[in-house]
Every structure is written in structure tokens, then in C-alpha cells.
Chemist: 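Below you will find the structure I want to go over with you.
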There are 2 protein chains.
Amino acid sequence: MRGAVIHAPGDVRFEELDDPEISRPTDAVIRTVATCVCGSDLWPYRGAEPVDEPQPMGHEYVGIVEEVGSEVTNVEPGQFVVGSFATSDNTCPNCLNGWQSSCLGREFMSTCQAEYVRIPNAHGTLVATDDQPDGEFVPSLLAVSDVMGTGWYAAVAAEVTPGSTAVVVGDGAVGLCGVIAARELGAERIIAMSRHESRQKLAVEFGATDIISERGDEGIARVKDLTGGIGADSVLECVGTPEAMRQALHSARPGGNVGFVGVPHDVAIDGQELFFSHVGLRGGPAPVRAYLPDLIDRVLTGRINPGKVFDLTLPLEQVAEGYRAMDERRAIKALLKP
Amino acid sequence: MRGAVIHAPGDVRFEELDDPEISRPTDAVIRTVATCVCGSDLWPYRGAEPVDEPQPMGHEYVGIVEEVGSEVTNVEPGQFVVGSFATSDNTCPNCLNGWQSSCLGREFMSTCQAEYVRIPNAHGTLVATDDQPDGEFVPSLLAVSDVMGTGWYAAVAAEVTPGSTAVVVGDGAVGLCGVIAARELGAERIIAMSRHESRQKLAVEFGATDIISERGDEGIARVKDLTGGIGADSVLECVGTPEAMRQALHSARPGGNVGFVGVPHDVAIDGQELFFSHVGLRGGPAPVRAYLPDLIDRVLTGRINPGKVFDLTLPLEQVAEGYRAMDERRAIKALLKP
């Protein structure tokens, strides 16, 4: 089969690779129906994370089950399945607490930009749809496997409640899905921070009530203007840079909450500053598995349409162009079809 | 009148000072019935915070109202009152949200180790008891004005719930009060980290079910042993050092919460480490005012007895000995009587 391999920053190739095989009884192999490029894939692509040797890429996927190990009884060959970028056995204490992305047997997916994918912990990771979904739902179901699940977790971690005010820092695919999540969880006012017109439009379509294009101190001041001078109840930090974290912490009111889902790069939080802010802070890789049944249902009933974050669709073999388009911000997110 | 003044690290004197006066219509002046030395008073006493010029000390108090400003209608002269180390108007947006210690008009108390004290924002800070309380209740009511209120907030910020497991880092007065709070909020298992026998005993009397005397990695391993390998639901960080924060963050399970109430000194939190821990973090000066009616009631009905943290009682004029005894860990906390 063929799949994407990164050889060095800026150098992603579509290559012949070994077919994946069942190696443990809890594995499954799926035929990829759709996969995509993630904002976090750009960290190594841009040289912000090392690329020591050629490595396969991709952690978002929907597909058709080809084969299952002997202990996989939740899905069967031929079914359409959605998974998570973090696999989980769904039985360990952390899974039972609802924190599947801290599963004691967790393995992060990393080979999904390919025609076939081995899914470890398939028994606790994959969720099948009742029927083969119409093609129109595929982008949104794919989004659920990471960006929509992550945006959802950002809103949950930021404790968005009905009637509350939420700020979303970051207008990438996760931030835009965070707007959807804040709306679904009942936020009355949703302030999206974005400087890009196409993303502003999508944020509004997804439920944003206000757009702030300023950043830094000016952006913080604008948030305060819109929130009675004290800041927002909930802030979703969907970037992972020190600037974004600062923006988030200073945009929340005393007693408010920041949910941070951008993998932090060079972020350090000053203890005394956090102390006097009275802001609650929780982050991490989203426990997507916990949300899958609910989010799949919201997609298939037409309630949410996070697939709109894919503004570029390419054949999988053109994966390198997907990276380039996202790196150059020509695309929010590139969907890849084998 | 007379009161305590710190002149330099290690140099606390009991001196003649100006009598406090009503300077704003929202002020009150109280005659101190009891005050005390706080663990945080030891930061400047030990030279860990600068002492640029002689300054009065103390922020914990109960007393009898002597005089009130024209806008103070909640209390009247002659009443026994309890307050908070952070004053609040109790009407600003942060107060209405329950975060009185982030009141937009907040002033921190700092002159309470004295015979008389001016209370700014008295209208939104002081709570009177129905009657003059018996003397036996005075230590516990005094504790409510800071250490018990702070321990309570630590447990609330750590989201202690009925049936949960809580770890308390720090065996000072706040940590010990945190044990009381965790018990009152229904924690089933309360693990106190303490190396001092007298404090261990008090922790057990207050409701601790387990004592851990190890620190650092060994202490973390012991917590994991007691919590099914994953860590505790809630951790109360009641110290403020980098070691204590590390201990706290590593003692909480994924999805658990750390409430931190020790004023952080040189504490920096690594963003990526916090991210992958899945631990929620909230700290700050406790909104004691929000808890006063409830905590006063728990004291006067005999449900809690946080006054036991005072293991040394001195005449106010011997305040310097109170500092010495706490600095040398001969006393957990020194109560001072004018």
C-alpha cells in the first residue's frame, strides 16, 4: 500500500509501504475512507519539532474495517468506523473515569495518511456507525476523530455552560470546532479571535456572535470591553503558543476557566500570576472516545457540520500539496481521499 | 494603641502606633479580640520577601465593632464580627460571581496584629455573629477569617466531592484546615502528607485516613500506591513552593484537580507537562467572604473545630515570640490576645 512519510521539514512524500497487519489480538486493520492533515502535523513540517528519521504521518481517520484481531468484538469487517487519535482499551481506571486519552495502554496514532491503517486497541477505540453513512457525512465524521472531538473537549475543559460567555483563541480547525462546541453546550455569547476573513465567516456560521481581530494586549482589552470589564466565563485555547496561552489566561474572568488543547510549545505558566488570576486551567489530548457516540449522532442528525473546516480536498497521493496549502495558510484543513 | 511592626527579617516589634480612624464611609474600626501569625507572615520574616521599610503586620482577626462609617449598615458597634484577609464590597461583578477575593475594590488586610484595626470595605466584608460567642469558639472563628476559609477554598478548587479521594500537601494550619474541609465536603479517603508527629495526630483528628511522611518521588509513589496506581481525585496544595506544586500535580489522577492556596514563590508550571497530565488547576486567595456564614455556623454548632491549629497562645505584646515559635516550627500557629 501507499502512504505519507515525512523525511525532513518541508519534505513529505507519498511512498510504497508495507501493508499493515494484525499484530495483537486487540488490533484491527481498516481501509481508509478519508484522512487529513492536522495543524499539529505542521510542527515537524515547519521544523519546530525534530524529524530524526523518515516517519509515517497522520492520526485522523475514518474507514471500513478490513480485519480484526481475536479480541475485537465491538466492530466487524465491512463496518464504517470512526476512531480517535489516541487509542484506548476503554477498561482501565482512567478510561472508566472518562479520560480515555490517558488510557494506561494508550498508543497515539501516527500512520493514518495511508491507504490502510492498523488500529491498536481497536476494541476500545473504534465506534461503528449503524449503516454506511452517505458520502456527505464523511468529512464531518472524519472531523469527529480529532478536531471536532478536541474542540468539544476544549469547551468541556473550559466549563462552558448554558448562558455563559466563551472566547475562542485560535481560528484553525480546532478553534472553529470549538465554536461549534461552545454553541452546542449553550454559550450565549461566543467571541472568536480571528484575523482571517474566510475563517471569521466560518466562525460566524458555526455560532460566533462576536469577532475580535486584535491580538495581545489590544485583544485582551477588546475581550474585557465585551464582558463587563472582567473577562469571559470560559476561554478555549486552541493554538499552543506562549502568546495564545497569555491571551487565554488574561481573557478569562476571576473564577472562569481556560481549556487548552493546542499542544504547548515553549509554554511556561507563572505560578503567582495564575494564582492571583483565580482562573482554572485544564488541558490535554482530548478524550475523543468518550464523546464519539454523541458526536457521531450530532453529525448524522445534521445538528453539527464540522466537516466544513475542510476547505481543500485532495487525492491522498497529493498529500504533500495538502501540507503546503496548510503551511501557507491557503487552506484551513486538507481532506485526503485514497 | 499598640501593634506589631516588622523592621527587617527576624525583627518584629510591638510598638505604639496611631489609633486607626474611619477614613471612608465604608470603613469600620474594630477592637481586636484575637489575631494571629500566618504562615505567609514568615515569608518576609525569613527574608524570602523584601522588607523595604518598617510595616505593620497581620491579616487575620475577629473583634468587636467600635465605630462604623456612614455607609456601613450590615454591622453595628458592639457586635462580634469575623472578616476576611481580603476585603470586598460584595456588590461588584466578581463578588456577585462568588469571587470576593477578586473584588474590584479589594484591599488586603495588613495591620491586624494590633489592638485596633481599620477594616476597609467593612460593608461587604464583616459578618456579625448573632450573639457574643463563648470564648471557647474564638480560636475557631479566628481561624475562619483565613486558614479555615483558605483550606475550604483549597478543597473547593480541588473539586472534592462525596466519596472522593483527596491528598493534602502541607501540614501547616492551612493544610490541616484543608483536611477538615475535605472531610466536610465528603471525601472518603483523605491522605495527609506530613513528617511531624504532632501535626500528623491533628490531621488524623481532623479526618485524615492516611498519613504519608515521604516527599518528592517517594511521596508521589506512595500516593499512587494508595490510589489504584493513578493518583487522587483532588489534591490541596497548601505550601507555595516549587516542590509542593510538583508533589501536588503528580499526586492527582488524569481528570483530577489541584487546588493551590499557598502563595506561589518561584513556581513555574511547564505547559506541556500540565497538558499531558490532564490535571485541572485553580488557585488564588480564598474568597473567604463567600464562605463566612456557612463556616461560622459550622463552628458555632460544634461541627468543626479549626481553632485546634492554635497550639500556642500569647499576649499580643509577645507577638515577636509568636513569629519565633512558628519560624522554628515549635508551634503550628500562634494566637495573639490583646
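Every chain is numbered from 1, with letters handed out A, B, ... down the list of sequences.
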Chemist: Counting only heavy atoms not in E107(A), do more than 12 fall under 6.0 Å of its CD?
Modeler: yes
Chemist: Check G262(A) against F275(B) and note the closest heavy-atom contact, atom names and distance.
Modeler: O-CE1, 3.8 Å
Chemist: Counting only non-hydrogen atoms closer than 4.5 Å, does Q100(B) touch chain A with its backbone (N, CA, C, O), its side chain (CB onward), both, or neither?
Modeler: neither
Chemist: Using a cut-off of under 4.5 Å for heavy-atom pairs, which of D270(A), V258(A), L281(A) has the most such pairs with chain B?
Modeler: L281(A)
Chemist: By a 4.5 Å heavy-atom criterion (distance strictly below it), what part of I230(B) contacts chain A: side chain, backbone, both, or neither?
Modeler: side chain
Chemist: Any side-chain heavy atom of Q272(A) sitting closer than 4.5 Å to one from V263(B)?
Modeler: yes
Chemist: What part of V279(B) gets within 4.5 angstrom of chain A, counting heavy atoms only: side chain, backbone, both, or neither?
Modeler: backbone
Chemist: Report which part of E237(A) has an atom under 4.5 Å of a heavy atom belonging to chain B: side chain, backbone, both, or neither.
Modeler: neither
Chemist: Just say parallel, tilted or perpendicular for the rings of H278(A) and W99(B), cut-offs at 30° and 60°.
Modeler: tilted
Chemist: Is it true that atom CD of Q55(B) has more than 12 heavy atoms of other residues, nucleotides or ligands lying nearer than 6.0 Å?
Modeler: yes
Chemist: Below 4.5 Å, heavy-atom pairs only: which of M245(A), E273(A), R253(A) has the largest tally toward chain B?
Modeler: R253(A)
Chemist: What are the two closest non-hydrogen atoms of I269(A) and G271(B), and how far apart are they?
Modeler: CD1-CA, 4.3 Å
Chemist: Hey, which of P264(B), A268(B), S277(B), G283(B) has the most heavy atom pairs under 4.5 Å with chain A?
Modeler: P264(B)
Chemist: If you define the side chain from C-beta out and look only at heavy atoms, does anything of N257(A) sit under 4.5 Å from R282(B)?
Modeler: yes
Chemist: For D266(B), look at atom CG and say whether over 12 heavy atoms of other residues, nucleotides or ligands are found less than 6.0 Å away.
Modeler: no
